[in-house]
Amino acid sequence: MLDRLDPDCWPRLHAVLGTDLRSLALFRVLLGCTLLGLALAQLGDIGTLYGDVGVAPRHAILETGAAWTVSLHFINGSLLATLLFALAQALAALCLTFGRGTRVATAFSLVLWVSWMSRYPLLPGQGDAILALLLLWSLWLPLGARYSVDAALSTRAPPEDPRHLSVASVGLLLNVALIFIATALRMSPEWRSTATALAAWHPSAAMPDTLAALATLSTWNLLLFGTPLLLLSPLAGRWGRHSRTLLLGLATFLLLAAAALPGPAGPVYCACLAALAAFIPADVWAALAQRPRARRAVTLYYDEHCAFCLKSVQLLQVFLALQHATLVPAQSRARTATLMEKHQSWVVIDDNDQAHLKWAAMVALLRASPLFPGLDRLLALPLWNRPGDALYDAVARHRGRLGTLTAILWPRQPVQFVPATTAQRFATLFLLLTLGWQSASLVGATGAQSLLRPLLAPLHLDSRWGTPLEQLPTHNDWLVVTGETADGHVQNLLAADEVIDYRRPSATQAGASFRWRHYWQQLTLPANARHREGYAALLCRQANGPHLNDRLPGANALLRVQIDHVVAPRDGGGAERTTLWQRSCFGNGVPTGHHRD
């Protein structure tokens, strides 16, 4: 059966390209949190980067977009619609994170994500394409079989065996491995020389740049040489699995170090971290389960007449990873029934047969959970007792309404955790398509790429993997955007409170969001010259108002916008300034010439 290959029948294949349901749960959480953060980050740029009043109105994208550009965001470009799309994307990501309607949330996340990428072609980077690929394979994986709302409330039990092997697991791990290898192989010699110069530590290189270069270069070199070992090491038995764990730990450390320092911006590191989670072997989870903290037994007693109470303890059991917890109606024992009636509280009895009520019961569960070490000691402090008990009493008073609400939002229903055979057939098709694309891309088979692109481009799976490192800021490449007002004054449009300086980037530009930095970088490329008009028009609208053509310009009106690209050699030589675009706020933009300062 394609829906789930038996790991016992394919032990070597499972060791290399199989995964664990607990690893997939961590993969789901990291993927959902990344998407949620990116969706919320959009809210701050609505009206500038996003929507018809931003840098990319719909008509401009439709006129210049590819034939296979399809996006739900083309339906409406108003600020309200743009806001609703961002909130829908955030809601889908939140459901994916907690595993509520996991497969539906994954499908919605994929559709909204690729729709956003198609709507704003200059904003997505390498990490966004990796996220689209991860979401595609997530459709055919049992992401909600562990540590999820689905697993807690489903009337159908999730698979007992944590091992998972299917066409989708093969596709996910193999595609991720090929992305890592292709990225490292295609690291441009120009970037390598830049990283080498930074790592050599000379006076013109700042310390953060040096650390970012070292961390990033080390990460991708590790992925180049370590990815084959990452895949094949489990074949060597126990020590091979330990080698995989060590490689995953080292790669995670380097990815976090590179992401925390000035370096390639955007979600590429978060996407890679989520992808690496799927490689975590079962030995890691087995070792965590053997810790003394994880082996503590607790019994949760709830009111059997309260459906909300049962759902609450089921969710706590799953999300706190209480492997040795037992759920029992409080009315089944005289001791717990008396305590519940007397104190109007649930009851938790620990492995020492000590009963805990209200807030103390929650602390007892945290003490038995292998997650969040130290949190139980913090919440056990006396200062939390009164507010904690008050919070419990408030929930208890409204449990009837909460039960009605959760019956709608979290109904108990059967969940099919493992996708059916038909879904795995689609996974097989996309496995062949993506492997064909990556192989053709590596060897430069342009004919095969032209054949495959119409099939993969709508989902943005036609990326040429291996170029996220070109975003490394070396502080020798930036934009200077100026504007001339009707009274002849020239002002800095990127930083109104800073003087115009072509010798260094403005502090405002350096501290902008990663989407803006990526957008400015894309504007410098000749292939994107047609998009400079939209940015210049936005600056005119911001300065003069939305109806600038309906009135004569006043003395303080912005008449002209000029976008300059400055490239300054690190050796301190003369900076070269290229004027990318000039636009009259009461006319059309035109490209102009070059200057040297």
Side-chain angles (χ1 to χ4, degrees), residues 29 32-33 36 90-91 94-101 105 144 147-155 296-350 354-413:
V29 171
C33 288
L36 178 61
L91 178 61
L94 189 65
C95 291
L96 177 61
T97 302
F98 287 97
R100 172 65 185 100
Y147 310 123
S148 68
V149 175
D150 289 345
L153 303 183
S154 174
T155 57
R296 293 177 178 173
V298 291
T299 305
L300 288 76
Y301 292 90
Y302 62 93
D303 185 356
E304 65 178 345
H305 304 299
C306 171
F308 169 73
C309 302
L310 175 58
K311 287 182 180 179
S312 299
V313 294
Q314 286 176 327
L315 290 170
L316 287 172
Q317 181 186 26
V318 167
F319 283 103
L320 293 179
L322 301 172
Q323 303 178 54
H324 302 284
T326 305
L327 309 183
V328 181
Q331 290 87 343
S332 63
R333 290 185 58 185
R335 176 191 179 189
T336 54
T338 301
L339 288 172
M340 184 186 69
E341 291 296 333
K342 180 179 180 180
H343 299 280
Q344 293 296 301
S345 169
W346 65 332
V347 183
V348 172
I349 296 182
D350 60 22
Q354 181 177 355
H356 304 270
L357 306 173
K358 296 187 178 182
W359 180 251
M362 176 61 71
V363 174
L365 293 183
L366 290 171
R367 190 175 297 118
S369 171
L371 308 177
F372 319 115
L375 183 60
D376 59 303
R377 295 189 182 92
L378 175 64
L379 297 182
L381 295 175
L383 65 93
W384 297 108
N385 291 339
R386 290 186 63 184
D389 288 345
L391 175 63
Y392 178 87
D393 291 337
V395 173
R397 286 195 302 270
H398 298 90
R399 66 180 190 174
R401 295 178 181 177
L402 290 173
T404 303
L405 180 63
T406 55
I408 299 173
L409 298 180
W410 299 339
R412 295 183 59 83
Q413 57 188 7

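Source: prediction; values computed, not measured. Just so you know, residue 1 is the first one in the sequence shown, and it goes up from there. For the numbers below, each heavy atom of this structure counts, side chains included, while hydrogens, waters and symmetry mates do not.
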Worksheet item: Would a 4.5 Å heavy-atom cut-off, applied to side chains only, mark Leu357 and Val347 as touching?
Response: yes

Worksheet entry | Tyr301 side chain near Arg333 side chain, heavy-atom distance below 4.5 Å | yes

Worksheet item: So do the side chains of Gln317 and Leu327 get within less than 4.5 Å of each other, counting heavy atoms only?
Response: yes

Worksheet, complete the sentence: When every non-hydrogen atom of Thr97 is compared with those of Cys33, the smallest separation belongs to OG1-N, 3.4 Å

Fill in: Closest contact, heavy atoms only, Leu339 versus Ala355
CD1-CB, 3.9 Å

Discussion item. Quick check: closest heavy atoms across Ala330 and Met340, and the distance to 0.1 Å?
Written reply: CB-SD, 3.7 Å

Fill in: Heavy-atom side-chain proximity of Asp150 to Arg100 below 4.5 angstrom
yes

Fill in: Side-chain donor/acceptor of Tyr392 to backbone N/O of Trp346, under 3.5 Å
yes

Worksheet item: Tell me, do Met362 and Leu316 make a side-chain contact under 4.5 Å, heavy atoms counted?
Response: yes

Discussion item. Do Leu365 and Leu300 make a side-chain contact, defined as non-hydrogen atoms from C-beta onward lying under 4.5 Å apart?
Written reply: yes

Worksheet item: So, do Leu315 and Val149 sit near enough that their side-chain heavy atoms are less than 4.5 Å apart?
Response: yes

Discussion item. Quick check: closest heavy atoms across Tyr147 and Phe319, and the distance to 0.1 Å?
Written reply: O-CE2, 3.6 Å

Discussion item. How long is the straight-line distance from CG of Leu379 back to CZ of Phe372, given to the nearest 0.5 Å?
Written reply: 11.0 Å

Worksheet item: Would you say Ser148 and Phe98 make side-chain contact, with heavy atoms under 4.5 Å?
Response: no

Practice prompt. Taking all heavy atoms of Gln314 and all of Leu153, pick out the closest pair and write down the distance.
Written response: OE1-CD2, 3.5 Å

Item to complete: Give the minimum heavy-atom separation between Leu96 and Ala105, together with the two atoms involved.
Response: N-CB, 3.8 Å

Discussion item. Suppose the criterion is side chain to side chain donor-acceptor pair (under 3.5 Å): which pairs have a residue in residues 355-378, not counting sequence neighbours?
Written reply: Arg293-Asp376, Asp350-His356, Lys358-Asp393

Worksheet item: At what distance, to the nearest 0.5 angstrom, does OG1 of Thr299 lie from NE2 of His324?
Response: 12.5 Å

Worksheet item: Nearest 0.5 Å, what's the CG-CG distance between Leu409 and Leu402?
Response: 10.5 Å

Using distance only, find each side-chain donor-acceptor pair of residues 303-312 under 3.5 Å and give its atom names and separation, not counting sequence neighbours.
{"residue": "Asp303", "atom": "OD1", "partner": "His305", "partner atom": "N", "Å": "3.1"}
{"residue": "Asp303", "atom": "OD1", "partner": "Gln331", "partner atom": "NE2", "Å": "2.7"}
{"residue": "Asp303", "atom": "OD2", "partner": "Arg399", "partner atom": "NH1", "Å": "3.4"}
{"residue": "Asp303", "atom": "OD2", "partner": "Arg399", "partner atom": "NH2", "Å": "2.9"}
{"residue": "Lys311", "atom": "NZ", "partner": "Thr406", "partner atom": "O", "Å": "3.3"}
{"residue": "Lys311", "atom": "NZ", "partner": "Trp410", "partner atom": "O", "Å": "2.8"}
{"residue": "Ser312", "atom": "OG", "partner": "Phe308", "partner atom": "O", "Å": "2.8"}

